Amino acid sequence: PTVSVAPTATRLLACDFESSTCGFDYTSDYEWTLQTGGTPSSGTGPSGDHTTGSGYYMYVEASNPNYPNVGPYTLTTPTFAACVGEVDFYYHLYGESMGTLRLEETTDGASWTTIWTKSGDQGNSWQGASVSVATANVIRVRWVGTTGSDYTSDMAVDDVDILSMA
């Protein structure tokens with residue numbers, strides 16, 4: 001009998017933001033901030049990163065003048081040679097007036113499609129997300145944050161893992 005081996009996904013990017021921003025573009029629209037420890041405002045944002053509690057993460061600062069409904073804050077991956085098949089990451093959406101965080105994909109770097117979205121207060125903890133990319137030829141993904149109605153809408157992303165299509 002012939003044994004065929006199923007194709008396996010390869011890791012395109014793994015970023016915990018501890019030593020670098022891993023080639024992410026985070027300054028093209030409103031800027032994301034590389035942060036360690038808590039965010040400056042109380043009642044919103046994480047108190048530490050997801051990886052160790054004392055490392056780094058990327059976040060959107062929602063204090064004045066960054067509300068109400070300010071954005072887009074875009075955090076965009078480098079362009080990949082292989083097609084993106086899965087995006088795993090941790091997000092922190094804690095705050096009474098939390099806005100919206102979206103994950104978008106592109107096949108050409110110009111038009112973007114939302115493949116995951118979360119709005120409102122998700123509690124004071126890091127949450128994991130695993131998003132399958134069904135579209136062929138996706139070469140980049142980005143997180144797009146929009147602040148809520150007040151300063152209590154700091155949002156954060158950490159521990160990003162991007163896998164190719166199998």
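Numbering starts at 1 and runs along the sequence shown. It should be emphasised that the depicted structure is a prediction, and the values quoted were computed from it without experimental measurement.
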Pi-cation contact, Trp143 with Arg102 (under 6.0 Å, within 45°) = no
Are Ile139 and Met165 joined in one hydrophobic group, where the rule is that I, L, V, M, F, W and Y side chains link up if heavy atoms are under 4.5 Å apart?
-> no
Between Thr74 and Asp29, do the side chains contain an N or O donor and an N or O acceptor separated by less than 3.5 Å?
-> yes
So do Tyr91 and Lys118 actually touch side chain to side chain, heavy atoms under 4.5 Å?
-> yes
If you group Ile, Leu, Val, Met, Phe, Trp and Tyr by side-chain heavy-atom gaps below 4.5 Å, do Tyr30 and Trp112 land in one group?
-> no
Between the main-chain N or O of Val84 and the side-chain N or O of Ser164, is there a donor-acceptor pair closer than 3.5 Å?
-> no
Just by distance, do the side chain of Asp154 and the backbone of Gly45 share a donor-acceptor pair under 3.5 Å?
-> no
Does the Thr33 side chain pair with the main chain of Gln35, one donor and one acceptor, at a distance under 3.5 Å?
-> no
Is the number of heavy atoms from other residues, nucleotides or ligands within 6.0 Å of OH (Tyr151) greater than 12?
-> no
For Asp108 and Ala110, indicate whether the former's side chain and the latter's backbone hold a donor-acceptor pair under 3.5 Å.
-> yes
Distance-only, no hydrogens or angles: does the Thr106 side chain make a donor-acceptor pair with backbone N or O of Arg140 under 3.5 Å?
-> no
Phe89 ring center near Trp116 ring center (under 6.0 Å) | yes
Rounded to the nearest 0.5 Å, how far apart are OG1 of Thr114 and CZ of Arg142?
-> 8.5 Å
Count the heavy atoms of every other residue, nucleotide or ligand shown that sit under 6.0 Å from OH of Tyr67, and state whether that count exceeds 12.
-> yes
Atom CD of Gln127 with >12 non-hydrogen neighbours under 6.0 angstrom = yes
Do Ile162 and Val144 share a hydrophobic cluster (ILVMFWY, side-chain heavy atoms under 4.5 Å, transitive)?
-> no
Value for CG (Leu34) from OH (Tyr59), rounded to nearest 0.5 Å, stands at 10.5 Å
Can you measure from OH (Tyr90) to OG (Ser130) and round to the nearest 0.5 angstrom?
-> 9.5 Å
With no hydrogens and no angle check, is any side-chain donor or acceptor of Thr51 less than 3.5 Å from a backbone partner on Asp158?
-> no
Exactly one candidate in Tyr26, Tyr73, Phe24 meets side chain to side chain contact (heavy atoms under 4.5 Å, CB included) with Met58; the answer is Tyr26
Do you know which two heavy atoms are closest between Tyr57 and Ala156, and how far apart they sit?
-> CD1-CB, 3.7 Å
Is there side-chain contact between Asn137 and Thr135, with heavy atoms separated by less than 4.5 Å?
-> no
Looking at Asp161 and Arg11, what are the two nearest heavy atoms and their distance?
-> OD1-NE, 2.7 Å
Quick one: does Leu13's side chain get under 4.5 Å of Pro78's, heavy atoms only?
-> yes
What are the two closest non-hydrogen atoms of Ser153 and Thr44, and how far apart are they?
-> N-OG1, 3.4 Å
Spacing of Glu104 atom CD and Ile115 atom CD1 [to the nearest 0.5 Å] | 9.0 Å
Does the Thr77 side chain pair with the main chain of Val141, one donor and one acceptor, at a distance under 3.5 Å?
-> yes
From Thr147 atom OG1 to Leu101 atom CG, the distance as rounded to the nearest 0.5 Å | 12.0 Å
hydrophobic_cluster_shared for Leu75 and Val138, side chain cutoff 4.5 Å = yes
Side-chain donor-acceptor pair under 3.5 Å between Glu61 and Thr39, yes or no?
-> no
How many angstroms lie between atom CG of Asp159 and atom CG of Asp49, to the nearest 0.5 angstrom?
-> 7.0 Å
Would you indicate whether the side-chain heavy atoms of Leu163 and Leu12 approach each other to under 4.5 Å?
-> no
Taking Thr152 for the side chain and Gly95 for the main chain, is one N or O donor matched with an acceptor at less than 3.5 Å?
-> no
Has the side chain of Asp25 got a donor or acceptor atom that lies under 3.5 Å from a matching backbone atom of Thr27?
-> yes
For Asn124, all residues meeting side-chain hydrogen bond (donor to acceptor under 3.5 Å, both in side chains), sequence neighbours excluded | His92
Donor-acceptor contact present, side-chain Glu18 to main-chain Tyr56, <3.5 Å | yes
